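One-based numbering along the sequence shown. Predicted, not measured: the structure shown is a model, and the values here were computed from it.
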Amino acid sequence: MANQSALITGAARGIGKCIAYTLLKNDFTVGLMDMDGENLALTLKDFSTPGKAFAYHGDVGDENFVKKTIVHFTQQTGRINAVINNAAIAINKDIASLSLEEWRRVIETNLTSAFLMVKHASPYLKQSRGSIINIASTRALMSEAHTEAYSASKGGLLSLTHALAISLGPEVKVNAISPGWIDTRYWVNKDPADFPPLDEQDHAQHPAGRVGRPEDIASMVLYLLRPENDFITGANFVIDGGMTRKMIYAE
């Protein structure tokens, strides 16, 4: 997969940073998009790959920013082979106290941004016969209390995935990945010791025997981008250590 390029939203830290790092290690040129300028600068410094990583500081819910970024990145690389829609925020509050502004902010960042990215990148993706990967969540399939805005945004992302797969096929493949519990402490530009330690129960409750890592998601991204896997489109891959398949009842 030499000489390919990918734009990744929410790439300053966490899963997005790990995806960007993994693609860089597999000879991709990457564009990192994030509204967190401080962490974006730190991540770009960590990568230290001149000419292979570009940082774009701005709000992915802003159509002008998205459009300008896509144009600039294409000018630098000559193509776009993949768009990874990973940017997300959560405002988890009792629905009676969740403001309309907060609701809109979550939907704009988590869902509308994906629409904007695809709207402006799709002509380039058609030329390259590229891929779109939407990072959804198991919260699209199951919920904890007070997660209405986040869950709705991720559910919308799954529906957007299969709609785009039909609309953009066969030139562009569109898939989603739904992570479960992913421990991002080693990918957030902070001391991992600042995070609460994981205990035995945290790992043991997962049928897979452990909490997830960002590398688990990045590996699936890489798998979906391999040309030999081009029969996969419109799919959602749940990567959660088996938790959504586990019946949990009070004893």
Task: Cationic N near anionic O, under 4.0 Å, R104 to E101 - done: no
Task: Test side chain to side chain contact (heavy atoms under 4.5 Å, CB included) applied to A114 - qualifying residues, sequence neighbours left out - done: N85, N134, L157, L160
Task: Distance, nearest 0.5 Å, that separates CD1 of I135 from CE of M220 - done: 10.5 Å
- [ ] Indicate the ring-plane relationship of H72 and F54, choosing parallel, tilted or perpendicular according to the 30° and 60° boundaries.
- [x] perpendicular
TODO: Classify the side-chain pair S151/T147 by whether it contains a donor and acceptor separated by less than 3.5 Å.
DONE: yes
Task: Set of side chain to side chain contact (heavy atoms under 4.5 Å, CB included) partners for H203, sequence neighbours left out - done: L198, R210, V211
Open item on the list: Would you say N236 and S178 are linked by a side-chain donor-acceptor pair, where the criterion is simply a distance under 3.5 Å?
Closed with: yes
- [ ] Step through the shown structure and confirm whether more than 12 heavy atoms of other residues, nucleotides or ligands are within 6.0 Å of NZ on K67.
- [x] no
Task: Other residues, nucleotides, ligands: >12 heavy atoms within 6.0 Å of Y56 OH - done: yes
Open item on the list: Could you check whether F65 and H57 have their ring centres less than 6.0 Å apart?
Closed with: no
Task: Minimum heavy-atom distance between A149 and I107, given as atom pair plus value - done: O-CD1, 3.9 Å
TODO: Could you verify whether a donor N or O on one side chain and an acceptor N or O on the other, from K173 and N229, lie under 3.5 Å apart?
DONE: no
Open item on the list: With a sphere of 6.0 Å drawn around CZ of F195, does it hold more than 12 non-hydrogen atoms of other residues, nucleotides or ligands?
Closed with: yes
TODO: Would you mind reporting whether P207 and M243 have side-chain heavy atoms less than 4.5 Å apart?
DONE: yes
- [ ] State which residue, out of R13, K17, E38, K45, fulfils the side-chain hydrogen bond (donor to acceptor under 3.5 Å, both in side chains) condition with N189.
- [x] K17
Open item on the list: Can you confirm whether more than 12 heavy atoms, excluding those of E171, are under 6.0 Å from its CD atom?
Closed with: yes
TODO: Check the side chains of W187 and E215 for a donor-acceptor pair under 3.5 angstrom, ignoring hydrogens and angles.
DONE: yes
